[in-house]
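Here the structure comes first, spelled out in structure tokens, and everything after it is commentary.
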Amino acid sequence: MLTNGKKHSAETFLTLGVFGIFAILAVLLTLMGARAYRGIAGRMDENNALRSSLSYVANKVRAGDHAGGVSLETRGDLEALCLSETVEGETYETLLFVADGWLREYAAVAGAAEELTPDSGEKIVELADFSMVQEGDTLRLAAEAKGGASMELTVAVRSEGGLVS
């Protein structure tokens, strides 16, 4: 039969064992929650990058949608969406292009950016890939995030003269 001292030792051991199991499970649960949070946050960041890039370009096209105002051009080695506008006799261009994993925007007086370089312009959104394809008077935009998710959007150019070829 257990003596009073040994009974207390067994109870103490059992209590510490239960507490230890609880502590281990609490740590494991916290680690699993952190992993799930990182995954969700990463997918949200990818989705934001995709939606932001497509919305940004689509809104720029809609804002510049006037006769002869939207065209796809090659400047240097880069394909760029060129949005041109004439203000008080001076023509200005906004070029949207992808270089070094970033959607970029470069604005200048027309002709100033004949040789567009990858480090030209302001960084807008970090992406793995972004493509713009002209299909008649529509522009098909496709974006791919660093994690591999992708999204497409088609924008119609509604002005007379449409998308300049």
Determine all donor-acceptor pairs shorter than 3.5 Å in which one atom belongs to a side chain in residues 15-34; sequence neighbours excluded.
{"unit_1": "Thr15", "atom_1": "OG1", "unit_2": "Glu11", "atom_2": "O", "d": "2.7"}
{"unit_1": "Thr30", "atom_1": "OG1", "unit_2": "Ala26", "atom_2": "O", "d": "2.8"}

Task: Least distance between heavy atoms, Leu50 atom then Ala145 atom - done: CD2-N, 3.5 Å

Task: For Glu93 against Cys82, the heavy-atom pair lying closest together - done: OE2-SG, 3.6 Å

Output a table of donor-acceptor pairs, distance under 3.5 Å, between side-chain atoms of residues 37-47 and any protein atom two or more places apart or on a different chain; print 'none' if there are none.
{"unit_1": "Arg43", "atom_1": "NH1", "unit_2": "Gly39", "atom_2": "O", "d": "3.4"}
{"unit_1": "Glu46", "atom_1": "OE2", "unit_2": "Gly147", "atom_2": "N", "d": "2.9"}

Open item on the list: Is any side-chain heavy atom of Leu81 closer than 4.5 Å to one of Val70?
Closed with: yes

- [ ] I would like to know whether Glu105 and Thr94 meet side-chain contact (heavy atoms from CB on, under 4.5 Å); could you show each step before the answer?
- [x] CA-CA 7 Å; Glu105 178 178 343; Thr94 299; 3.4 Å; yes

TODO: State the CG-OG distance between Leu95 and Ser71, to the nearest 0.5 angstrom.
DONE: 8.5 Å

Task: Note, Tyr56 side chain near Leu96 side chain (heavy atom, < 4.5 Å) - done: yes

TODO: State which residues pass side-chain hydrogen bond (donor to acceptor under 3.5 Å, both in side chains) with Glu79; sequence neighbours excluded, sorted by chain then number.
DONE: none

Open item on the list: According to side-chain hydrogen bond (donor to acceptor under 3.5 Å, both in side chains), does anything in residues 82-92 pair up with another residue at least two apart or in another chain? List the pairs.
Closed with: Thr86-Thr91

Which donor-acceptor pairs under 3.5 Å do side chains of residues 117-133 form with protein atoms, sequence neighbours excluded?
{"unit_1": "Thr117", "atom_1": "OG1", "unit_2": "Asp119", "atom_2": "OD1", "d": "2.7"}
{"unit_1": "Thr117", "atom_1": "OG1", "unit_2": "Ser120", "atom_2": "OG", "d": "2.7"}
{"unit_1": "Ser120", "atom_1": "OG", "unit_2": "Thr117", "atom_2": "N", "d": "3.2"}
{"unit_1": "Ser120", "atom_1": "OG", "unit_2": "Thr117", "atom_2": "O", "d": "3.1"}

Task: Residue pair Leu103 / Val57, side-chain heavy-atom distance below 4.5 Å - done: yes

Open item on the list: Does any part of the side chain of Leu78, heavy atoms only, come nearer than 4.5 Å to the side chain of Val98, both counted from C-beta?
Closed with: no

Open item on the list: Is it the case that the side chain of Ser55 and the backbone of Ser52 share a donor-acceptor pair, with hydrogens and angles ignored and the cut-off at 3.5 Å?
Closed with: no

- [ ] Please list, chain by chain and in numerical order, all residues satisfying side-chain contact (heavy atoms from CB on, under 4.5 Å) with Glu152, sequence neighbours excluded.
- [x] Arg140, Ala142

TODO: State, to 0.1 Å, how close Leu139 and Val61 come at their nearest heavy-atom pair, and which atoms those are.
DONE: CD2-CG2, 3.9 Å

Open item on the list: Is there a side-chain contact between Val155 and Thr138 in this structure, where contact means two heavy atoms from C-beta onward sitting under 4.5 Å apart?
Closed with: no

Task: Arg158 and Arg62, any side-chain heavy atoms less than 4.5 Å apart - done: no

Open item on the list: Are Trp102 and Met151 linked, directly or through intermediate hydrophobic residues, by side-chain heavy-atom contacts shorter than 4.5 Å (ILVMFWY only)?
Closed with: no

